[in-house]
Amino acid sequence: MHEPARPSTSDQLTRVLYGDNFLQEHGFWRRLLTTEPFRRSGGGTPDERLALSYHRLRILNDTLDSGARLAADPRALAALHEWLGPVDPALTTVAGIHYNLFLGSLLDHDPGTPRDLSDFLELRSIGTFLCTEVAHGNDAAAVETTATYDRERDGFVLHTPHAGAQKFMPNTSPAGGPKTGVVAARLLADGTDHGVFLFLAPLTDDLDALPGVRVRRLPARMGSPVDHCLTSFDRYFVPREALLAGEQGRIGEDGRFTSELANRRRRFLLSIGRVTPGKLSMSACAVGSARVTLAIAVRYAGHRLVSGSRGAQRVPVYAHRTHHGPLAGAMATVFAMSLLHRRALDRWESAPAPDRDEAERLVAVAKGWITWRAREVIVECRERCGAQGLLENNGMTELFTGIEGAITAEGDNLAVHAKAAAEMLFSVTVRDEDEEEGPGELDDPRFLGRLLAAVEDIWFDRARERISAAPAGDPLGRWNAASGPALRGVEAYGYRQASEAYAQAATALPGGPARERLTELHRLFALQWVARNSGDLLAAGRLTAEQVSSLPDAVERLIATVARHAPALVKSFALPERLMSDWPIAGPGYADAYDDPEGSWHRHRRAGAGGRTVDFRRPVCGSKRRPLREKVAALGTRGVLLAYWGTTSVLSRWFEKPQVSVDESVRPRA
């Protein structure tokens, strides 16, 4: 019997990035994006691209065994965003809204209520989500759209009282087909405001908004086209079943409102519980986009040749520290983003009720931290690709604008982090006793972990000092005094959580190259953050002056090590080659994308046999053929001499042997 082959380094790191159930959780989406309907399109008008995204949504839905099963599985929703986000951000947006915010909300509320979902599962009507308003974004609990209970008709009347209460940015146009929305509105019954609830409401048919509903397209936004609209209601009636009821409240048969929760804000947060899986999906989308952008940049840097120190020498631009240094740092960050995303997802799924709030806070902080880091990575990679990175066909501009949407979606990052900062400011963090030890060694992961925890403590301690020194009786003034360092503390919390995820993943790996690569990435990630906060750590006695002086050299050594392995690390991203071929600069023949069949350098109408002309065939982008000068450069001086010696030897032997006539070479003599 043969022992099973040990997984390769790339395979082990792939499981680190995607989890142990890589094939089960990600295999379907990874295969789907390589099929022809999902290949990157070649331009088109915004309306054509929008129509394509909705067309792809229908194809995607047809491939699912159950849309309801997808909506009920946060891991599957996150995987959808992780893989499809870099390929078609508009498709990812409308799919996330339909399956998570719309279908997920219907499934989460009052399962006993009879409600036919077949139209939504078969996409005869596309679901959308109407929560924020022109005047209410991050304060969505204050929305002003009303849903007044009508006893006579036993239903609710949706109404928009003024311009500021118009629903802002839902995809509610008839583009893609009829739309049905889940609408956040203030429930009024018997003259009492019971807080914000969700209501199911048909919005459009194939051509126009339904009577009582008004839909207007918003100006085009940056990035992939989505039919964002302003939507309002003019005394629009929906039946009793439209209310998405639950423990947050319901209207009984007697027309009276009852609720298990006295606090109206808690009712609202329970109603929009689908925002938390949405945050996880935004993190996943950012991770996938940063991963693809970095892979493109590293590959392009490897076959973009520039002049070397000697005039005739050509070297890859990646050979320069100024080029591969930032990409090595980005590699460490992308691994950190991936690990923090998995950590937040695992914690949220497995958290018992007492730990639920803390798990949701981690999800919220991770969403902001990851999407901000993704923006940094994408901008860095775009710059390393020069003017090529500005062209739409190379994909980076679309990913950059897409990440801007993720930063704002499901709660603006700054507002989300501010909420977490306010919660963490008054919480007590208990550290282990060994975390109070003095300076250790910079190559010790445990010591680095203590340093990252110390940075977090330093900033929150400063915030507490400032809020204590602020005048009493002015809550806003006290918060303003503390908010700056408190937000820095939340950022440090994100770095600490990512570092702990790194350490946990490295410990789980067996000894060998994969563990070494992950440890190197972890140290680079942690030391770069420590270097940014070295002054505070020195002042707090956590670092010595000698260690602060040695930090730049330690970081430089790690950059050189990570950069050397970066092309192999890209393989652990498990990006299909067919996907990468859709971005021209990701292939060695990227210049072929700009070739001109009519250019003077082509003799494109050479006379062939019998006087026929031979048309020029455009080389396939991504071809593995290399120009002669690249082949020579790869051989080196010794290789060229050996090739020359071998060729001349063969030719000399061929010339020495007796030559035969054409006649003899075809048939033997009689």
Side-chain angles (χ1 to χ4, degrees), residues 9 13 17 287 289-309 313-339 369-370 372-390 394 396 399-400 403 442-443 445 448 451-452 491 495 498-499 502 513 516-535 547-573 585-586 590:
T9 299
L13 292 176
L17 288 169
V287 166
S289 297
R291 198 181 285 142
V292 165
T293 311
L294 180 57
I296 294 171
V298 169
R299 290 174 58 144
Y300 176 64
H303 43 248
R304 170 73 171 185
L305 299 182
V306 296
S307 299
S309 56
Q313 186 185 24
R314 302 275 287 173
V315 298
V317 68
Y318 190 78
H320 291 276
R321 176 60 60 89
T322 52
H323 198 96
H324 66 238
L327 295 181
M331 184 69 71
T333 301
V334 166
F335 267 79
M337 292 162 54
S338 301
L339 291 166
W369 191 92
I370 288 169
W372 269 329
R373 300 293 82 75
R375 176 203 273 165
E376 294 168 2
V377 168
I378 292 171
V379 169
E380 186 65 64
C381 292
R382 203 294 303 161
E383 289 186 17
R384 299 286 66 75
C385 293
Q388 297 278 3
L390 294 173
N394 288 319
M396 291 186 174
L399 295 179
F400 172 75
I403 207 63
L442 291 177
D443 58 356
L448 291 177
L451 290 179
L452 268 65
E491 181 186 21
Y495 273 94
S499 179
Y502 251 130
E516 292 171 6
R517 299 293 83 77
L518 196 63
T519 301
E520 292 157 359
L521 288 163
H522 179 198
R523 288 191 62 219
L524 177 57
F525 170 77
L527 283 180
Q528 286 187 322
W529 177 240
V530 167
R532 287 175 55 186
N533 295 274
S534 56
Q547 286 176 322
V548 173
S549 298
S550 68
L551 273 172
D553 288 339
V555 169
E556 279 296 307
R557 288 192 295 271
L558 283 167
I559 284 175
T561 302
V562 171
R564 184 166 62 250
H565 297 291
L569 291 171
V570 165
K571 293 182 181 179
S572 68
F573 295 173
I585 58 173
Y590 70 93

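Worth knowing before you read on, the calculation uses all heavy atoms, side chains too, and leaves out hydrogens, waters and symmetry mates.
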Does a donor on one side chain sit under 3.5 Å from an acceptor on the other, for Arg291 and Ser338?
yes
Do we see a donor-acceptor contact under 3.5 Å between the side chains of Arg304 and Tyr590?
yes
Would you call the rings of Tyr502 and Phe525 parallel, tilted or perpendicular, where under 30° means parallel and over 60° means perpendicular?
tilted
For residues 315-333, which side-chain donor-acceptor pairs fall under 3.5 Å, sequence neighbours excluded?
from, atom 1, to, atom 2, distance (Å)
Tyr318, OH, Ala563, O, 2.7
Arg321, NE, His324, NE2, 2.8
Arg321, NH1, Glu556, OE1, 2.5
His324, ND1, Tyr318, O, 2.8
His324, ND1, His320, O, 3.1
Thr333, OG1, Gly329, O, 3.1

Does some side-chain heavy atom of [Y] sit less than 4.5 Å from a side-chain heavy atom of [X]?
{"X": "Cys381", "Y": "Ile296", "answer": "no"}
{"X": "Leu521", "Y": "His565", "answer": "no"}
{"X": "Leu569", "Y": "Val298", "answer": "no"}
{"X": "Arg523", "Y": "Asp443", "answer": "yes"}
{"X": "Glu516", "Y": "Thr519", "answer": "no"}
{"X": "Ser550", "Y": "Leu442", "answer": "yes"}
{"X": "Tyr300", "Y": "Gln388", "answer": "yes"}
{"X": "His522", "Y": "Leu518", "answer": "no"}

Looking at every heavy atom in both [X] and [Y], which two are closest together, and how far apart are they?
{"X": "Ile378", "Y": "Ser289", "value": "CD1-CB, 4.2 Å"}
{"X": "Ala554", "Y": "Leu527", "value": "CB-CD1, 4.1 Å"}
{"X": "Ala290", "Y": "Met337", "value": "CB-CE, 3.7 Å"}
{"X": "Ser534", "Y": "Ala531", "value": "OG-O, 3.1 Å"}

Would Val287 and Val334 count as a side chain to side chain contact (heavy atoms under 4.5 Å, CB included) if you check the C-alpha gap in whole Å, the side-chain angles of each, and the deciding distance to 0.1 Å?
CA-CA 7 Å; Val287 166; Val334 166; 5.7 Å; no
Evaluate side chain to side chain contact (heavy atoms under 4.5 Å, CB included) for Gln528 paired with Tyr495, printing each intermediate quantity in order.
CA-CA 11 Å; Gln528 286 187 322; Tyr495 273 94; over 6 Å; no
[atom1] of [X] to [atom2] of [Y]: how many Å apart, nearest 0.5 Å?
{"X": "Leu339", "Y": "Leu17", "atom1": "CG", "atom2": "CG", "result": "6.5 Å"}
{"X": "Leu558", "Y": "Glu520", "atom1": "CG", "atom2": "CD", "result": "7.5 Å"}
{"X": "Ser307", "Y": "Gln313", "atom1": "OG", "atom2": "CD", "result": "9.5 Å"}
{"X": "Leu399", "Y": "Thr293", "atom1": "CG", "atom2": "OG1", "result": "4.5 Å"}
{"X": "Ile585", "Y": "Arg299", "atom1": "CD1", "atom2": "CZ", "result": "10.5 Å"}

Is there a salt bridge (charged side-chain N to carboxylate O under 4.0 Å, His left out) between Glu491 and Arg532? Walk through the geometry before answering.
CA-CA 13 Å; Glu491 181 186 21; Arg532 287 175 55 186; 3.8 Å; yes
Side chain to side chain contact (heavy atoms under 4.5 Å, CB included) assessment of Asn394 paired with Cys385
CA-CA 10 Å; Asn394 288 319; Cys385 293; over 6 Å; no
With side chain to side chain contact (heavy atoms under 4.5 Å, CB included) as the test, would you mind laying out the steps for Arg517 and Phe335 before giving the verdict?
CA-CA 11 Å; Arg517 299 293 83 77; Phe335 267 79; over 6 Å; no
